**Q** 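One structure coming up, written as structure tokens, with questions to follow.
Given the structure is predicted, the values throughout are model-derived calculations rather than measurements.
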Number of protein chains: 2
Amino acid sequence: MPSYPLLMDSPPRSRPPATLASLAAEIGVSRTTVSNAYNRPDQLSPQLRARVMEAAARLGYPGPDPVARSLRTRKAGAVGLLLTEQLSYAFRDPAALAFLEGLTLECDTARVGLLLVPARPGSDDVSGVASAAVDGFVAYSMPDDDPHLHAVLSRRLPAVICDQPALRGTDLVGIDDAAAAREIAEHLVQLGHRRIGVVCMRLGRARRDGPVDLARQQQAHYHVQRHRLAGLRAGFVAAGVAWDRVPVVEQFDHSLEAGARGAAAVLAMDPGITALVATSDVLAMGAMQELARRRQRVPEDVSVTGFDGVRAALDLELTTVVQPSLEKGRQAGRLLLDPGRTARGRRVVLPTALTPGRTTAPPRI
Amino acid sequence: MPSYPLLMDSPPRSRPPATLASLAAEIGVSRTTVSNAYNRPDQLSPQLRARVMEAAARLGYPGPDPVARSLRTRKAGAVGLLLTEQLSYAFRDPAALAFLEGLTLECDTARVGLLLVPARPGSDDVSGVASAAVDGFVAYSMPDDDPHLHAVLSRRLPAVICDQPALRGTDLVGIDDAAAAREIAEHLVQLGHRRIGVVCMRLGRARRDGPVDLARQQQAHYHVQRHRLAGLRAGFVAAGVAWDRVPVVEQFDHSLEAGARGAAAVLAMDPGITALVATSDVLAMGAMQELARRRQRVPEDVSVTGFDGVRAALDLELTTVVQPSLEKGRQAGRLLLDPGRTARGRRVVLPTALTPGRTTAPPRI
DNA sequence: TTGTAGGCGTTATCAA
DNA sequence: TTGATAACGCCTACAA
């Protein structure tokens, strides 16, 4: 990597950087006047203001320091976004991206920045949360035992939790995961499926891949997954399926590859399933790749369902539940940025729609 | 939207929020001691520290205020990212996403947050830049006349510019756009193409769609586009192509639809082209959709090329130039966060690779 | 229209 | 090991 220390054209670096006070002294006016020149131009004669600005340019004064201003006004002009994953990871999940897009939309109109706060799942270092200069937080899909989340809550700032977990005293945005999952179960039951398998996303902070027993399903720290599994179980049990015989496989990673691995694990546990339920579209699409490798046709040999309704899944005509991910982001932003924000504990539950595609059909024979 | 003002379980709101000073007074120690309890635990007897923390919990003191700390230490613990588009837009561009991913990777390891600073193309309101509490900025693909960019430069903070524009005194990360574009031209020339059309991205801040004359090509405020067009021109002119006969169509939006419209416009200007060059993969993929609608086969009837090497394009086996978008983000982050940062005006030029796919072939006849 | 002065909450420095 | 003091740079009543 070439590195040319080129000619500096930055202004005289000798003098200490100009401040509002030094600028005021320079032109022989008060600090108030300089402050007003920036924040209340109408409180000033145009000539005086021009003089101030001219001097500012001359001395290289970049305008009032945002940090000092924040300290004084008690406003940061930014909101923090807490993501469960290493930041770079979130950008790989289409549903998370849609959420982010919705949130930024609201931040744009409210004229506030969005601070991405890293929250590595393995790390208990919450300094990123503690040191974030923000007016509030949005927590996106965090497990209920995540220290970063609790660090957010202890900051005593406005907070909106999206998807999970359900905590008293903060605003919530989400969907009815259990009901939506149950619809999937009923759809498959109605088609005639009784022998199924499930691939779900991570249920806790620790890396773990493989079969999940009922206890772990019910104790999952990711409420979304817990509720989706509960919904599936309710739907299938109602149709007489013995849930303890249903292979449920957890995948820590959220990727096509993980979906493929999950499908393989499920098939190893019961090669005779007629339907494979995934708790996300990404996992479902990965599962379909695995089935293709095994020359199993979808839906003739095995039906497959997803969850989320991401673009790629809809293009594939995957049977899935469509949820308004972008709208979730918007609602989270609105709740947080709502100027008349007084009541806490508001809940926004967004609608979902079971969307049958071409990946589900009656079981063979 | 249901909205339940539920039971507040927030602690006593009567008292004014605790501060380091009030906490110190409460337990009868100095502020220094409390500060040390948080920042230099080893400078304290364990018992005293325990007493401090206990009192903090009791009074609901959330720890040192990040803004006040920033003011004192002159460190914000965050970097700002300036994007040319409404934030929500950037999340639709795979190359921008890859860049973002690379940048966040570096921010993660450096333990700093990333502040997304909105910079609407139409707006001249640079208050978002002026009020960003950050230690430095990364400007991603901004036009050279953008007021937000100049606001960044006048903040006198470390700044790294990615892709464009080339400005003395700041660090730069990019690729050799002209050379890469010229390779595309030479590839097509070698195949035998002499009658071509071009769809390019926006060349200025104002919305504009349609044919672009040479003057506008050479005055484009987006350096990347300017250099790519210059590279194409150089390559084709060298082969005897009369550039002023080549239809070049600008598209303000960056989407598949825009690519389709651009292709349509080019074909309207010269239905006899044998190759269509797009200055981004997204535009190229949109153009292919338009060609498909017209029952023009690629590459039999028309060859198509892109630029960027995004995943979807490579899956389609589009002939394109692959550039290391994620690596650009990393390099930008490194340059900015480099602790030994003294020299300005460093330049990092990353390699590109012309990657022939299945969308280019010799012209028919 | 302009100026005075106090304080926002913290940390660095130096002394005890 | 602990404490006193002085900034950090700004905003905003209030007064002139």
Side-chain angles (χ1 to χ4, degrees), chain A residues 15-53 55-56 59-77 127 130-135 155-157, chain B residues 15-53 55-56 59-77 127 130-135 155-157:
Chain A
R15 217 172 18 229
T19 71
L20 198 124
S22 72
L23 187 57
E26 170 82 14
I27 38 185
V29 300
S30 78
R31 292 176 295 171
T32 306
T33 301
V34 179
S35 177
N36 281 338
Y38 282 94
N39 302 317
R40 295 168 175 171
D42 50 318
Q43 301 287 302
L44 230 64
S45 69
Q47 318 68 302
L48 183 53
R49 188 173 125 86
R51 244 178 74 208
V52 172
M53 293 318 210
L59 269 67
Y61 176 61
D65 180 299
V67 173
R69 169 187 275 154
S70 280
L71 177 60
R72 188 56 238 241
T73 61
R74 314 265 54 194
K75 293 225 130 300
S127 61
S131 67
V134 296
D135 299 318
R155 281 277 309 259
R156 284 153 205 289
L157 291 173
Chain B
R15 218 174 18 229
T19 69
L20 197 119
S22 72
L23 187 58
E26 171 81 14
I27 38 184
V29 300
S30 78
R31 289 175 300 182
T32 306
T33 300
V34 178
S35 177
N36 282 337
Y38 281 94
N39 301 317
R40 298 180 169 135
D42 49 319
Q43 301 287 301
L44 231 61
S45 68
Q47 330 51 313
L48 183 52
R49 188 173 127 87
R51 246 177 73 209
V52 172
M53 293 320 213
L59 269 67
Y61 175 62
D65 180 299
V67 174
R69 168 186 278 157
S70 282
L71 177 59
R72 185 59 238 234
T73 61
R74 313 266 55 191
K75 294 225 128 304
S127 61
S131 67
V134 297
D135 298 318
R155 283 275 311 258
R156 284 154 205 289
L157 290 174

**Q** Choosing from C:dT10, D:dG9, D:dT12, which nucleotide comes nearest the side chain of B:Pro64?
**A**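 Nearest to the side chain of B:Pro64 among the choices is C:dT10.
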**Q** Nearest whole angstrom, please: distance from the P of D:dC11 to the CZ of A:Arg69.
**A**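 That distance rounds to 5 Å.
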**Q** Please report, rounded to the nearest Å, how far the P atom of C:dG9 is from the CZ atom of B:Arg31.
**A** 12 Å
**Q** Hey, which sits more toward the 5' end of DNA chain D by its nearest nucleotide, B:Leu71 or B:Asp42?
**A** B:Asp42
**Q** Is the phosphate of D:dT2 approached by B:Ser30 (side-chain N or O, under 4.0 Å from OP1 or OP2)?
**A**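 No.
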**Q** Atom NZ of A:Lys75 and atom P of D:dG9: how far apart are they, to the nearest Å?
**A** 23 Å
**Q** Please confirm whether the backbone N or O of B:Lys75 pairs with a side-chain atom of B:Asp135, one donor and one acceptor, at under 3.5 Å?
**A**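 Side chain of B:Asp135 to backbone of B:Lys75, a donor-acceptor pair under 3.5 Å: no, none is there.
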**Q** Out of the candidates B:Val134, B:Thr73, B:Val67, only one should pair with A:Val67 under the side chain to side chain contact (heavy atoms under 4.5 Å, CB included) rule; please name it.
**A**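 Among B:Val134, B:Thr73, B:Val67, the one meeting side chain to side chain contact (heavy atoms under 4.5 Å, CB included) with A:Val67 is B:Val67.
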**Q** Taking A:Gly60's backbone N and O only, do any of them form a donor-acceptor pair with B:Arg156's side chain (distance below 3.5 Å, no angle check)?
**A**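 Side chain of B:Arg156 to backbone of A:Gly60, a donor-acceptor pair under 3.5 Å: yes, one is there.
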**Q** Measure from CG on A:Asn39 to P on D:dG9 and round the result to the nearest Å.
**A**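 Value for this atom pair: 17 Å.
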**Q** Rounded to the nearest Å, what distance is computed from the CG atom of residue B:Leu23 to the C1' atom of nucleotide C:dT10?
**A** 13 Å
**Q** The side chain of A:Arg72 lies closest to which of these nucleotides: D:dG9, D:dA4, C:dT2?
**A** D:dG9
**Q** Calculate the interatomic distance between B:Asp65 atom CG and C:dC8 atom C1'; express it in whole Å.
**A**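 It works out to 9 Å between those atoms.
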**Q** Confirm from the modelled atom types if B:Thr32 and D:dA4 form a donor-acceptor pair under 3.5 Å, side chain to base only.
**A**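 Such a pair exists between side chain and base.
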**Q** Please check if any side-chain donor atom of A:Ser35 sits under 3.5 Å from a side-chain acceptor atom of A:Thr32, or the reverse.
**A**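 No.
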**Q** Between A:Tyr61 and D:dC10, does any side-chain N or O lie under 4.0 Å from OP1 or OP2?
**A**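 Looking at the OP1 and OP2 atoms of D:dC10, one of them is under 4.0 Å from a side-chain N or O of A:Tyr61.
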**Q** Looking only at side-chain N and O atoms, does B:Arg74 come under 4.0 Å of OP1 or OP2 in C:dA12?
**A** no
**Q** Between B:Arg40 (CZ) and C:dA12 (C1'), how many Å, whole number?
**A** 8 Å
**Q** Is it the case that the side chain of A:Arg51 and the backbone of A:Ile27 share a donor-acceptor pair, with hydrogens and angles ignored and the cut-off at 3.5 Å?
**A**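 It does hold such a pair.
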**Q** Identify which nucleotide among D:dG3, C:dG3, D:dG9 has an atom closest to any side-chain atom of B:Val29, counting heavy atoms from C-beta outward.
**A** D:dG3
**Q** Below 4.0 angstrom from OP1 or OP2 of D:dT2, is there any side-chain N or O of B:Thr33?
**A** no
**Q** Whole angstrom is fine here: how far is it from CD in A:Gln43 over to P in D:dC11?
**A**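 For the pair A:Gln43 CD and D:dC11 P, the rounded distance is 14 Å.
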**Q** A:Ser45 side chain: which of D:dT1, C:dT1, C:dA5 is closest?
**A** C:dT1
**Q** When you get a sec, tell me which of C:dT2, C:dT11, D:dG9 is the closest nucleotide to the side chain of A:Thr19?
**A**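 Nearest to the side chain of A:Thr19 among the choices is D:dG9.
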